[in-house]
Amino acid sequence: MSQVSILVTGGAGFIGSHTVVALAEAGFRPVIIDDFSNSKPSALEGLRQILGYDVPCYARDCNDKTTLLEIFRQENIRGAIHFAAFKAVGESMAQPLRYYHNNLGSLITLLEVLVETGVPDLIFSSSCTVYGEPDSLPVTEQTPVQPAVSVYGNTKQIGEEILRDTAAASDALRILSLRYFNPVGAHPSAQIGELPLGIPNNLVPFITQTAAGLREQLTVFGNDYPTPDGTCIRDYIHVMDLAEAHVSALQHLQARPAGRHYDVFNVGTGQGVSVLELIRDFESASGQRLNYKIGPRRSGDATAVYADATKAREQLGWTARRTLREGLEDAWRWEMHLRQP
Ligand code: WQD
C-alpha cells in the first residue's frame with residue numbers, strides 16, 4: 001500500500017519537525033514546506049539522522065498559492081498540518097499587520113488550496129492562549145474563550161473561527177484545531193529541538209541557556225501569585241507527546257465521514273506545575289544548579305492554566321505518555337548538543 005502524503009507547513013520548526021518524525025513513524029509520508037524565517041535547514045539534517053532518509057522539503061512561503069497548488073499535485077498531498085506562523089507575542093503587538101497577514105493569510109491560502117484540490121483533512125496549531133485567565137481549572141474545551149490580549153493570540157482565535165466557518169460550508173473538509181499547552185523537550189536523540197532566535201521568551205529554553213552559561217541568570221516573573229508557592233502554574237507537555245497528538249488527530253479525521261466537520265481539542269498533560277517546581281525538576285534532571293532570582297511579574301501572564309485532556313483521550317485515543325523530567329532531560333541534552341564545538 002502506498003503511503004499517504006501529508007503536507008507539514010512549518011515542518012522545520014520546533015513542533016513541526018517533531019511531528020514529521022511522529023508522522024513518519026506512524027507510516028505517513030511527510031512533505032515539508034518552510035520558508036526558514038524562524039527555523040534552520042539544520043533541522044532537515046536532524047530529521048535525516050533520525051529517519052535515515054531525506055524528508056522532501058520545499059523552501060517556500062506557504063502564503064504563495066501557486067506554489068502550494070504545485071506541491072499538492074506533485075506530491076499527491078492527502079492532508080495538511082499547518083504549523084507555519086509567527087509566534088512572538090511581544091513582536092505581534094509591534095507589528096500587527098505583519099502577524100495578521102502572515103498567520104491568517106497563509107491559513108486562508110491553504111484552505112483555498114484544500115477546497116480546490118478536494119483534499120479533506122487539516123489540523124491547525126492553536127494555543128491554550130485562547131483561554132486567557134480562566135475562571136476555573138483545569139480548562140476543558142467548553143471553558144469560554146476570552147478576548148485575546150495579544151495580536152498573536154488573536155490570530156489563533158480568528159484562525160479557529162475561519163476554520164469552523166469554512167468546514168461548515170464544505171462537503172469535504174474535516175478540520176481539527178489542537179490547543180497546545182506549553183511544549184518542552186526535544187527528540188531524545190538530540191538531533192532536533194527548539195532553536196530560539198536571540199533571547200528566549202519561553203521558560204525552558206531560557207533555563208537551559210542559563211545552565212549552559214549563555215545567559216547570566218533566569219528571572220522568575222513574580223512569586224506573589226495566588227498559587228501554593230506564589231509562582232505561575234502551567235501545563236508543560238513533551239514535544240514528542242504533542243507531535244503524536246497530531247498523528248492521532250489525523251487518523252481520527254481519516255476515519256470520519258466526509259465533510260462539515262470541525263472540532264477542537266486540548267493537548268496537555270493535565271498536570272499543573274509551578275515555575276519553581278519546574279526549576280527544581282530541571283536541576284534534578286540535569287544535575288546543574290540554576291542561577292535564578294525572583295523578579296516582578298511579566299504583564300499579560302495568567303496565574304494558572306492547565307488542561308483537562310479527557311476529550312483527546314476519549315475521542316482521539318491520545319494521552320501524554322512522557323514525564324516532565326524526560327522533557328527536561330531531553331531539553332538539556334539538546335542544549336548540550338547545540339553547544340558542542
Ligand atoms: C511559562 C511560565 C512565565 C520566562 C507562551 C505563549 C503561549 C504559547 C506558549 C506559543 C510563565 C514564567 C518565563 C522567564 C519566567 N504559545 N517565566 N521567566 O507565557 O505560558 O505561554 O508560550 O507559541 O501562547 O504566550 O510560556 O514559557 O513564556 O512562560 O518566570 O524568563 O514561566 O511567567 O509563568 P507562556 P512561557
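Counting starts at 1 for both ligands and their atoms, in listed order.
Look at Glu329 and Arg325 and you find a salt bridge, because one of the NZ, NE, NH1 or NH2 atoms lies within 4.0 Å of a carboxylate O, short of that distance. Ion pairing between Glu45 and Arg48 holds under the 4.0 Å rule for side-chain N and carboxylate O. Using a cut-off of 4.0 Å between Lys/Arg side-chain N and Asp/Glu carboxylate O, Arg256 and Asp121 are scored as not salt-bridged.
Scanning the protein heavy atoms around atom 15 (C) of ligand 1, the nearest turns out to be Phe221 CD1, 3.3 Å. Looking at atom 20 (O) of ligand 1, its nearest protein heavy atom turns out to be Arg234 NE, 2.6 Å. The protein heavy atom nearest to atom 34 (O) of ligand 1 is Cys232 CB, 3.0 Å. Protein heavy atom closest to atom 33 (O) of ligand 1, with residue, atom name and distance, is Asp301 OD2, 2.6 Å. For atom 1 (C) of ligand 1, the nearest protein heavy atom (residue, atom name, distance) is Tyr236 OH, 3.5 Å. When hydrogens are left out, the protein atom nearest atom 7 (C) of ligand 1 is Ser127 OG, 4.0 Å; that is the closest non-hydrogen contact. Of all protein heavy atoms, the one lying nearest to atom 21 (O) of ligand 1 is Asn182 ND2, 3.9 Å. In this structure, the protein non-hydrogen atom closest to atom 25 (O) of ligand 1 is Val89 CG2, 3.9 Å.
Contacts between Asn202 and ligand 1 below 4.0 angstrom, taking non-hydrogen atoms only, involve backbone and side chain alike. Residue-level proximity to ligand 1 for Leu218 is carried by the side chain, the only part with a heavy atom below 4.0 angstrom.
Contact annotation: the side chain of Val305 never approaches that of Ile233 to less than 4.5 Å [non-hydrogen atoms, C-beta and beyond]. Counting heavy atoms from C-beta on, the side chains of Trp332 and Gln288 come closer than 4.5 Å. In this structure, Ile192 and Phe14 have side chains that are not in contact, with every pair of non-hydrogen atoms separated by 4.5 Å or more.
Considering Glu160, Arg179, Gln157 in turn, Glu160 is the only one that fulfils the side chain to side chain donor-acceptor pair (under 3.5 Å) rule with Ser126.
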Exercise for the section: Could you walk me through whether Ile207 and Tyr292 pass the side chain to side chain contact (heavy atoms under 4.5 Å, CB included) test, one step at a time? Expected result: CA-CA 9 Å; Ile207 287 177; Tyr292 71 91; over 6 Å; no

Exercise for the section: Take His246 and Tyr180 through the test ring-ring contact (aromatic ring centres under 6.0 Å, His included) and record every step on the way to the result. Expected result: CA-CA 11 Å; His246 294 77; Tyr180 309 154; 5.4 Å; yes

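Listed by number with element, the atoms of ligand 1 under 4.0 Å from a non-hydrogen atom of Val220 are 30 (O). Listed by number with element, the atoms of ligand 1 under 4.0 angstrom from any heavy atom of Thr219 are 14 (C), 15 (C), 18 (N), 30 (O), 31 (O). Interface of Thr129 with ligand 1, defined as ligand atoms under 4.0 Å from a residue heavy atom, comprises 24 (O).
Of the polar atoms of Leu203, at least one N or O is found under 3.5 Å from an N or O of ligand 1, judged by distance alone. For the pair Pro183 and ligand 1, the shortest N or O to N or O distance does not fall below 3.5 Å.
Put simply, part of Tyr152 is less than 4.0 Å from ligand 1, judged by heavy atoms.
Taking both residues in full, the closest heavy atoms of Ala84 and Ser106 are given as O-OG, 3.9 Å, listed atom of the first, atom of the second, then distance.
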